[in-house]
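Reading through the C-alpha cells given below for one structure.
All figures in this text were calculated on a predicted structure; none of them were measured in a lab.
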Amino acid sequence: MELRRSFNEDAVNYDTYRPEYPNELFEDIISYSQIGQGSNLIEIGVGTGQATLPFIQLGCNSGIIRFLDVRMIRAIWQRENL
C-alpha cells in the first residue's frame with residue numbers, strides 16, 4: 001500500500017491520535033491574512049478537516065480540492081457528532 005494512502009485505512013484512529021493544531025496557529029493565520037466571514041478559501045488535501053473546521057466556524061467559504069475517502073468522511077461525522 002502506498003504510504004500516502006495509509007491513513008485512509010484507519011481514519012478514526014488517524015483522527016483520534018493525530019495531534020491537533022494549536023488555536024494560536026489559526027489566530028495568527030487569520031490575523032496575518034485578514035480573512036474573515038465570507039472570505040473564500042481553498043484547501044488541498046483536507047484529511048479529516050482539523051485545519052478546515054476553524055475557518056468554516058469563522059464563516060469562511062471553503063473550497064476543498066481532494067476527493068475524500070468515505071472512511072475520512074465517517075471519521076469527521078463521528079468527531080463532530082453529525
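If you take CD1 on Ile29 and CZ on Phe55, they are separated by 4.5 Å, rounding to the nearest 0.5 Å.
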Donor-acceptor contacts, no H, no angles, side chain residues 34-41, under 3.5 Å, sequence neighbours left out:
unit_1	atom_1	unit_2	atom_2	d
Ser39	OG	Gly36	N	2.9
Ser39	OG	Gly36	O	3.0
Asn40	OD1	Asn61	ND2	3.0

For residues 20-28, which side-chain donor-acceptor pairs fall under 3.5 Å, sequence neighbours excluded?
unit_1	atom_1	unit_2	atom_2	d
Tyr21	OH	Arg18	NH2	2.7

